[in-house]
Novice: 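I'd like to ask some things about the structure below.
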Amino acid sequence: EVDSYLTMHRTFNIPTWFAISHQKYHYKTWFWIPASDVARAGFVFDSKERKGKFYSVPINEFVQVSDTDNLERIFSKVLKS
């Protein structure tokens with residue numbers, strides 16, 4: 001999926017972000033990362049079970065946003081790039 005989003009970004013100049021959370025955080029904290037950073041900072045693995053490659057990205061590469069934050073933290077990262 002990352003490669004598809006990177007192609008969309010290059011073709012249409014539309015940045016795409018991934019947002020993940022977990023039950024451990026009670027879904028009150030979300031970790032956001034642009035697809036371009038996944039490709040840059042992630043480690044690529046080939047998976048025979050999943051039939052393709054996948055990325056593993058260190059958590060410190062993500063922008064952390066809690067339910068009490070606003071999305072300004074993400075927009076400030078967009079404006080910097």
Side-chain angles (χ1 to χ4, degrees):
E1 287 184 22
V2 172
D3 294 333
S4 298
Y5 289 120
L6 290 174
T7 299
M8 183 175 71
H9 177 77
R10 284 190 299 271
T11 305
F12 302 107
N13 197 27
I14 300 172
T16 304
W17 287 66
F18 293 103
I20 60 171
S21 189
H22 192 272
Q23 184 177 0
K24 177 174 104 174
Y25 298 104
H26 305 285
Y27 300 100
K28 293 181 182 247
T29 298
W30 289 81
F31 299 90
W32 294 71
I33 189 166
S36 58
D37 285 3
V38 171
R40 178 189 53 76
F43 302 98
V44 181
F45 296 93
D46 285 319
S47 171
K48 292 184 180 14
E49 295 91 30
R50 298 173 119 184
K51 298 183 179 164
K53 66 180 179 179
F54 66 95
Y55 292 87
S56 175
V57 181
I59 197 72
N60 62 332
E61 296 291 332
F62 290 76
V63 177
Q64 183 176 344
V65 179
S66 72
D67 65 342
T68 58
D69 287 333
N70 60 36
L71 295 179
E72 181 179 325
R73 191 175 297 175
I74 294 170
F75 292 129
S76 67
K77 181 164 176 69
V78 171
L79 295 174
K80 287 179 189 175
S81 46

Novice: Side chain to side chain contact (heavy atoms under 4.5 Å, CB included) with F45: which residues, sequence neighbours excluded?
Specialist: F43, F54, S56
Novice: State which residues pass side chain to side chain contact (heavy atoms under 4.5 Å, CB included) with L6; sequence neighbours excluded, sorted by chain then number.
Specialist: V2, D3, R10, A35, S36, A39
Novice: So, using ring-ring contact (aromatic ring centres under 6.0 Å, His included) as the criterion, who are the partners of F62 when residues are at least two apart?
Specialist: none
Novice: Can you name the residues that form a side-chain hydrogen bond (donor to acceptor under 3.5 Å, both in side chains) with S4, not counting sequence neighbours?
Specialist: none
Novice: To the nearest 0.5 Å, tell me how far S21 OG sits from W30 CH2.
Specialist: 5.0 Å
Novice: Got more than 12 heavy atoms from elsewhere within 6.0 Å of OH, Y27?
Specialist: yes
Novice: Could you check whether any side-chain heavy atom of S66 comes within less than 4.5 Å of a side-chain heavy atom of K28, counting everything from C-beta outward?
Specialist: no
Novice: Indicate, with yes or no, if V44 and V57 share a hydrophobic cluster defined by side-chain heavy-atom contacts under 4.5 Å among Ile, Leu, Val, Met, Phe, Trp and Tyr.
Specialist: yes
Novice: Where do A41 and P58 come nearest, in terms of heavy atoms and distance?
Specialist: O-CD, 3.8 Å
Novice: Say you draw a straight line from CG of D69 to CD of Q64; how long is it, rounded to the nearest 0.5 Å?
Specialist: 8.0 Å
Novice: Looking at every non-hydrogen atom in both residues, tell me the closest pair between M8 and T16 and how far apart they are.
Specialist: CE-OG1, 3.1 Å
Novice: Can you tell me which residue pairs pass the salt bridge (Lys or Arg N to Asp or Glu O under 4.0 Å) test with a partner in residues 17-26, sequence neighbours excluded?
Specialist: none
Novice: Under a 4.5 Å side-chain heavy-atom rule over Ile, Leu, Val, Met, Phe, Trp and Tyr, are I59 and V63 clustered together?
Specialist: no
Novice: What residues, two or more places apart in sequence or in another chain, satisfy ring-ring contact (aromatic ring centres under 6.0 Å, His included) together with Y5?
Specialist: F18
